[in-house]
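Below is one structure; the comments refer to it alone.
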Amino acid sequence: MRFDRLLTHARLATMVPGEVAYGALLDAAIGIRDRRIAWIGPMSEVPETALETESLDGRWVTPALVDCHTHLVFAGDRSDEFERRLAGESYAGISRSGGGIRKTVEATRKAGAAELAGGALSRLDALSAEGVGTIEIKSGYGLTFESELAMLRAARSLGLVSGLRVSTTLLAAHSIPVEYEGRSGAYIDEVCIPLIREAAREGLADAVDAYCESIAFSPEEIRRLFIAAKAAGLPVKLHADQLSDTGGAKLVAEFDGLSADHLEFTNADGIAAMAKAGTVAVILPGAFYGIGETQKPPVAALRAAGVPMAVATDANPGTSPMVSLLTAANMACNLFGLTVEEALAGVTREGARALGLAKDIGTLETGKRADLAIWDVERPAEIIQWIGLRPLHGRILGGEWL
């Protein structure tokens, strides 16, 4: 066996579950061939030489990070809502008065795909600087047939210009547009379901998402949406039980959903259904913090049931204006009680699982894509502990330094 690149003298947090914390291998090496991990093991057992050998001088290596829930593509500004929430208005109240998602929709509809992609680049750069190698980007701020497709095209183009792997999600059922006020069911049937078929036909979406909440869509409407998604061959996920218990977690698990996200008000039945279906719980502390929520997601119950927990930024212009996945991981520990190892798994292994990519990324294992983050730290806990510090030494994506 001959490698294209051999990385030596590294400490590896493989994130493979087992008896050793972080799946750690000390004084180890990684052999890369054809953009994938061809060999991994201790320095004493390196089997062959390589075309290019590099010592990492004892640095820690993790899988490149995965941000599995973002709304990174949008236009406009909602900083006024930050002031309104500080003055005591609720997120639901701001939404009902024409703010929230609808305000971003108004600005996004006026922008084309190129403008949307250009506006998202600085946000994407901030996440890249923290070691992110894969990112999910949702639509959901267009709410018309053409503007939703433009958002998905913008998201796809970001992958081409950034070198990151971009997973796109159709979130047309994000909010009820003004032209369908009082006719949410008609919007599902006339806009969202045809969009699913077109996005699948063009290969623009990797999954379908929706917002199940009293200020958005009912479980019955989302059920119709999910049936259409499954018919089009697209997996589903759901903004579930964020502001109230709508039974969203149980609903998405019924469709073998990739993930249920937020989950502050999820009940025991929802947790049991997620555990049975293998649906990942995506923890979003940025939104919890941003809207001043007091109801925490049921982390202990999710852990006890064996539900995998991912952590993401929920980067968006209103409720979670956060472009730091490391801060989200820190908040998941300090606000919700995740362990450091759970948080690091949440932004690597479980983030990949939440995108349906666990067979390809998220852990350091033979056969997986060589997406690596190299860190200037003494212990993996440092990656999560610090707020504002970016201890990233560099990233290797697809076997190449980026």
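We're numbering straight along the sequence, starting at 1. These numbers come from a predicted model, not from an experiment.
When side chains are defined from C-beta on, Glu52 counts as touching Arg5, because their heavy atoms get closer than 4.5 Å. Leu7 has its side chain within reach of Leu372: a pair of non-hydrogen atoms, C-beta onward, lies under 4.5 Å apart. In this structure the side chain of Ile37 never reaches within 4.5 angstrom of the side chain of Glu365, judged on heavy atoms. Counting only heavy atoms from C-beta outward, the side chains of Ser175 and Tyr187 never approach each other to under 4.5 Å. Leu65 has its side chain within reach of Thr348: a pair of non-hydrogen atoms, C-beta onward, lies under 4.5 Å apart. Taking 4.5 Å as the limit, some side-chain heavy atom of Leu121 sits within range of a side-chain heavy atom of Leu158. At a threshold of 4.5 Å between non-hydrogen side-chain atoms, the residues Leu164 and Leu127 do not count as touching. Side-chain contact check for Val73 versus Arg153: every heavy-atom pair is 4.5 Å or farther apart.
Under 4.0 Å is where a charged nitrogen must lie from a carboxylate oxygen, and between Asp360 and Arg165 at least one such pair does. Between Glu106 and Lys103 no salt bridge is recorded (no basic side-chain N to carboxylate O distance below 4.0 Å). With salt bridges taken as basic N to acidic carboxylate O contacts below 4.0 Å, none links Arg224 and Glu221. Glu202 and Arg156 are not joined by a salt bridge, as no carboxylate oxygen comes within less than 4.0 angstrom of a charged side-chain nitrogen.
With hydrogens and angles ignored, the 3.5 Å screen pairs no side-chain donor or acceptor of Thr313 with any backbone N or O of Ser324. The main-chain N or O of Glu136 is found under 3.5 Å from a side-chain atom of Thr70 such that the two form a donor-acceptor pair. Listed for the Thr169 side chain is no donor-acceptor partner under 3.5 Å among the backbone atoms of Val208. Distance alone, capped at 3.5 Å, places no donor-acceptor pair between the Lys237 side chain and the Ala207 backbone. Put simply, the side chain of Glu130 gets close to the backbone of Leu325: a donor and an acceptor are under 3.5 Å apart. With Glu148 contributing its side chain and Gly140 its backbone, the two residues share a donor-acceptor pair below 3.5 Å. A donor-acceptor distance shorter than 3.5 angstrom exists from the side chain of Arg78 to the backbone of Gly100, with no hydrogens or angles considered.
Within the structure, the salt bridge (charged side-chain N to carboxylate O under 4.0 Å, His left out) test picks out the following pairs touching residues 331-342 (sequence neighbours left out): Arg303-Glu342.
Once rounded to the nearest 0.5 Å, the distance linking CG of Asn330 with CG of Leu338 reads 11.5 Å.
Between the side chains of Gln242 and Tyr211, a donor-acceptor pair is found at a separation under 3.5 Å. Side-chain contact, Thr246 with Asp241: a donor N or O sits under 3.5 Å from an acceptor N or O. If you check the side chains of Arg109 and Thr144, you find no donor sitting under 3.5 Å from an acceptor. Donor-acceptor pairing under 3.5 Å is lacking for the side chains of Thr134 and Arg369.
Nearest heavy-atom pair, Ala373 versus Leu392, reported as atom, atom and distance to 0.1 Å: CB-CD1, 4.0 Å.
A side chain to side chain contact (heavy atoms under 4.5 Å, CB included) with Leu355 is found for exactly one of Val66, Leu258, Ile135, namely Val66.
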Where do Asp57 and His9 land on the side-chain hydrogen bond (donor to acceptor under 3.5 Å, both in side chains) test, with the steps shown first? CA-CA 6 Å; Asp57 299 321; His9 302 289; over 6 Å; no
Quick one, Asp67 with Leu72, criterion side-chain contact (heavy atoms from CB on, under 4.5 Å). Give me CA distance, side-chain angles, the key distance, then yes/no. CA-CA 11 Å; Asp67 194 347; Leu72 212 65; over 6 Å; no
Which side-chain N or O atoms in residues 15-26 pair as donor and acceptor under 3.5 Å with protein atoms at least two apart or in another chain?
none

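Using bins of under 30°, 30° to 60° and over 60° for the plane-to-plane angle, the ring pair His239/His262 lands in the tilted bin. The aromatic rings of Tyr141 and His174 are tilted relative to each other, their planes meeting at an angle between 30° and 60°.
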